[in-house]
Amino acid sequence: MPELPEVETTRRGVRPHVKGRRVKQVVVRDARLRWPVPPDLARALVGTTIDEVERRAKYLLFRTAHGTAIVHLGMSGSLRVVDAGVSPEKHDHVDVVLDDGKLLRLRDPRRFGCLLFTRNDPHDHPLLKDLGPEPLSRAFDGAHLHRIARGRTAAVKTFLMDAAVVVGVGNIYANEALWRARLAPRRRTGRVTRAHFDELARSVKEVLADAIARGGTTLRDFLSADGEPGHFRMDLAVYDRAGKLCPRCRTPIRTARVGQRSSFWCPRCQA
DNA sequence: AGTGCGGCCTGTCCGC
DNA sequence: TGCGGACAGGCCGCAC
């Protein structure tokens with residue numbers, strides 16, 4: 001469930017607590033994430049200082065002098081900063097103990113996330129090197145979408161969720177951005193006009209920025225680093241609102257699978 | 001190369 | 001009330 005706004009919210013919550021802190025200890029209670037937590041993680045991190053916490057797509061990058069820890073929250077992961085005395089609960093798989101009596105705790109019930117370490121430039125890592133532009137950067141715009149859409153036959157919603165096209169847009173925000181752009185999710189990518197792509201790029205930026213400003217979307221269990229839920233759920237126009245009324249034209253929201261994903265749209269204002 | 005699908009996981013919800 | 005099964009979904013890795 002963490003999409004870009006939730007990961008960015010996590011980064012902003014965690015950063016002030018870990019930046020400049022030295023790692024005292026690393027406790028791996030369960031290494032079986034999507035890829036195993038590397039056995040030498042503790043050796044790599046203990047004694048080093050966390051210089052910065054960055055985000056690329058939905059990955060969090062913890063920079064140290066000797067390498068970078070790469071964290072992905074999958075769909076059920078969360079990172080919290082807690083006092084070192086707080087006992088771990090079920091699914092609290094990894095603790096990074098800091099030098100000020102606090103620790104960074106990774107929880108991930110479904111274990112779709114990962115925690116890796118690289119001594120090289122993380123942007124060259126196989127998981128990151130082929131990613132598309134950041135949606136909130138100037139590199140992402142209607143021209144970019146239009147350029148790579150040529151000849152594509154897949155549904156525009158599937159296209160928008162492809163990390164090689166643009167990163168960070170998961171199912172919730174894809175549905176919302178398409179609604180804001182008045183574009184039907186099943187429209188063939190190659191048939192979308194340049195003007196509509198301009199509108200779509202604008203909508204993606206807008207919906208992500210709005211969600212970040214609200215601390216992300218909490219549907220079930222997303223909590224930020226300080227334990228607060230996100231409040232963007234209030235602003236969802238179509239996602240998870242099948243049968244409810246479109247906020248723009250009061251037509252009931254439709255739902256169907258598009259590219260194996262639940263999709264929601266207004267049959268009247270999205271064409 | 002683009003497209004589509006299976007699989008990884010567990011908690012939650014629904015129907016019987 | 002208990003239980004099985006569907007569903008949620010990011011995204012890799014494979015087959016076509």
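Naming: A, B, ... by sequence-line order, numbering from 1 per chain.
- Across the interface with DNA chain B, nearest-nucleotide mapping of A:Arg261 and A:Phe159 shows A:Phe159 to be the residue nearer the 5′ end.
- With hydrogens and angles left out, the side chain of A:Arg110 and the base of C:dG10 share no donor-acceptor pair within 3.5 Å.
- A:Thr153 has a side-chain polar atom (N or O) that falls below the 4.0 Å cut-off from OP1 or OP2 of B:dT3.
- One can place NE2 of A:His93 at 10 Å from C1' of B:dT10, the figure rounded to the nearest angstrom.
- Put simply, A:Phe112 does not rest on the base of C:dC11: the two rings are not both less than 5.5 Å apart at their centres and under 30° in tilt.
- Remark: A:Lys90 is in phosphate contact with B:dG11, judged by side-chain N or O atoms under 4.0 Å from OP1 or OP2.
- Note that CZ of A:Arg105 is 4.0 Å distant from CG of A:Asp95, once rounded to the nearest 0.5 Å.
- At the heavy-atom level, A:Ser262 lies under 4.0 Å from the strands shown only through sugar-phosphate atoms.
- Under the 4.5 angstrom side-chain criterion for Ile, Leu, Val, Met, Phe, Trp and Tyr, the cluster partners of A:Tyr59 are A:Trp35, A:Leu61, A:Ile70, A:Leu116, A:Leu127, A:Leu128, A:Leu131, A:Val167.
- The pair A:Asp210-A:Arg214 fails the salt-bridge criterion, with no side-chain N (NZ, NE, NH1 or NH2) lying under 4.0 Å from an Asp/Glu carboxylate O.
- Positionally, the nearest nucleotide of DNA chain B for A:Asp162 lies more toward the 5' end than for the other of A:Arg34 and A:Asp162.
- Residue A:Arg257 is classed as a sugar-phosphate contact, given heavy-atom separations below 4.0 Å to backbone atoms only.
- An OP1 or OP2 oxygen of B:dG11 is reached within less than 4.0 angstrom by a side-chain nitrogen or oxygen of A:His91.
- Note on A:Arg152: only backbone sugar-phosphate atoms sit closer than 4.0 angstrom, heavy atoms only; bases stay farther off.
- By the side-chain hydrogen bond (donor to acceptor under 3.5 Å, both in side chains) test, A:Asp99 is found to be paired with A:Arg21, residues two or more places apart in sequence or in another chain being considered.
- At the heavy-atom level, A:Tyr59 lies under 4.0 Å from the strands shown only through sugar-phosphate atoms.
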